[in-house]
Amino acid sequence: AQTYPKENDLTSNIQLAIDNDAVGASAQGGIGDKFVEEGKIDLLGKVIAFIKNNGLVAGVGSHSLEVTKASEREKLEPDFYFKTFNNVDYNSEPPEQIAAYMKIVDKPWVAFKILGAGNIKPVEGFKFTFELGADFLNVGMFDFQVKEDIAIAKELLENGIQRERPWRS
């Protein structure tokens with residue numbers, strides 16, 4: 001579940017996800033960005049702790065790589081990172097910069113905004129993202145695109161992806 005904790009209420013929105021049987025949760029990317037930008041990384045740590053203390057898998061969402069770096073530096077110990085990734089500068093730093101940092105992170109990485117708001121074809125975006133190290137893809141699509149996008153991902157994975165970063169799950 002993507003959650004929306006607020007500085008003055010970190011848990012209510014996460015509790016809603018818990019009450020609806022979520023198995024994992026992360027703070028929405030803009031929230032992670034805001035907490036780190038404002039020097040309030042401790043709030044992100046409290047969000048992660050609350051999620052984990054309730055038995056869920058805890059993630060950190062962000063558009064900024066600085067959130068991932070700060071989380072690692074401060075040893076917040078999320079179970080995964082949920083990070084934007086594309087090569088059209090759509091709410092994402094240069095992909096090579098992200099991939100280089102993620103090579104040293106020993107946690108699963110879910111990449112999102114990988115098609116750059118429709119500017120990248122699925123086959124190109126999926127291949128590029130997997131090759132540069134993402135373990136999972138979160139892809140926005142219409143209902144009529146689901147079958148084709150699954151087929152594309154399945155074919156890419158069955159044919160093998162050449163990547164330097166080991167798969168993490």
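These numbers come from a predicted model, not from an experiment.
Taken to the nearest 0.5 Å, the NZ atom of Lys154 stands 5.0 Å off from the CD atom of Glu158. Here Leu157 contributes atom CG and Phe130 contributes atom CZ; the two are 4.5 Å apart, rounded to the nearest 0.5 Å. Taking CD1 of Ile114 as the start and OG1 of Thr129 as the end, the distance is 4.0 Å to the nearest 0.5 Å. Note that NZ of Lys6 and CD1 of Ile31 are 9.0 Å apart. Values are rounded to the nearest 0.5 Å. Taking NZ from Lys147 and CE from Met141, the interatomic distance works out to 14.5 Å, rounded to the nearest 0.5 Å. How far CD1 of Ile41 is from CG of Leu44: 5.0 Å, rounded to the nearest 0.5 Å.
Counting non-hydrogen atoms of neighbouring residues, nucleotides and ligands closer than 6.0 angstrom, the CZ atom of Phe144 exceeds 12 such neighbours. Applying the 6.0 Å contact sphere to CD of Glu148 captures no more than 12 heavy atoms from other residues, nucleotides or ligands. Crowding of Gln97 atom CD: a count of heavy atoms from other residues, nucleotides or ligands under 6.0 Å exceeding 12. For CD of Glu164, the number of neighbouring non-hydrogen atoms (other residues, nucleotides, ligands) closer than 6.0 Å is 12 at most.
Summarising the geometry of Gly61 relative to Val67, their closest heavy-atom pair is O-CG1, 4.2 Å, with the distance given to 0.1 Å. Across every non-hydrogen atom of Val60 and Ser26, the tightest pair is N-CB, 4.0 Å. For Val88 against Gly116, the heavy-atom pair with the smallest separation is CG2-CA, 3.7 Å. Nearest approach of Lys46 to Leu10, heavy atoms of both residues: CB-CD1, 3.8 Å. Between Thr84 and Ile98, the shortest heavy-atom contact is O-CD1, 3.7 Å. Listed here is the closest heavy atom pair of Thr3 and Ala25: CG2-CB, 4.0 Å.
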Legend entry - side chain to side chain contact (heavy atoms under 4.5 Å, CB included) between Gln15 and Thr11, intermediate numbers included: CA-CA 6 Å; Gln15 188 62 53; Thr11 62; 5.5 Å; no
Inset, instruction - Could you check Val23 against Val57 for side chain to side chain contact (heavy atoms under 4.5 Å, CB included), going step by step and ending with a plain yes or no? - result: CA-CA 6 Å; Val23 295; Val57 178; 5.8 Å; no
Legend entry - Leu132/Phe128 under side chain to side chain contact (heavy atoms under 4.5 Å, CB included): CA gap, chis, key distance, verdict: CA-CA 6 Å; Leu132 286 179; Phe128 180 78; 3.3 Å; yes
Legend entry - Lys40 and Lys34: CA distance, side-chain angles, deciding distance, side chain to side chain contact (heavy atoms under 4.5 Å, CB included) verdict: CA-CA 8 Å; Lys40 298 175 182 173; Lys34 181 178 185 256; 5.9 Å; no
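Both Ile152 and Ile150 sit in one connected hydrophobic cluster of ILVMFWY residues. Membership requires side-chain heavy atoms under 4.5 Å apart, directly or through other members.
Using a 4.0 Å cut-off between charged nitrogen and carboxylate oxygen, Arg163 and Asp135 count as a salt-bridge pair. A salt bridge links Lys83 with Glu93; the closest basic N to acidic carboxylate O contact falls under 4.0 Å.
A ring-centre distance under 6.0 Å is not found for Phe85 and Phe112. A distance of 6.0 Å or more separates the ring centres of Phe136 and Trp167.
In this structure, Glu77 and Ile48 have side chains that are not in contact, with every pair of non-hydrogen atoms separated by 4.5 Å or more. No side-chain heavy atom of Trp109 sits less than 4.5 Å from a side-chain heavy atom of Val105. The shortest side-chain heavy-atom distance between Val110 and Leu137 does not fall under the 4.5 Å cut-off. Val139 has its side chain within reach of Phe126: a pair of non-hydrogen atoms, C-beta onward, lies under 4.5 Å apart.
The backbone N or O of Lys113 sits less than 3.5 Å from a side-chain atom of Asn86, completing a donor-acceptor pair. Looking at Glu74, its side chain never comes within 3.5 Å of a backbone N or O of Leu76 through a donor-acceptor pair. Remark: side-chain polar atoms of Asn20 are not paired, donor with acceptor, to backbone N or O of Ala17 under 3.5 angstrom. Using modelled atom types, no side-chain atom of Arg165 and backbone atom of Ala134 make a donor-acceptor pair closer than 3.5 Å. Between the side chain of Asn91 and the backbone N or O of His63 there is no donor-acceptor pair closer than 3.5 Å.
Under the 30°/60° scheme for interplanar angles, the aromatic rings of Phe80 and Phe82 are found to stand perpendicular.
Considering only residues two or more places apart in sequence or on other chains, Lys127 meets the side-chain contact (heavy atoms from CB on, under 4.5 Å) condition with Glu131, Leu156.
Judged as a salt bridge (charged side-chain N to carboxylate O under 4.0 Å, His left out), the pairs with a partner in residues 50-69 (not counting sequence neighbours) are, in order, Lys52-Asp79, Glu66-Arg73.
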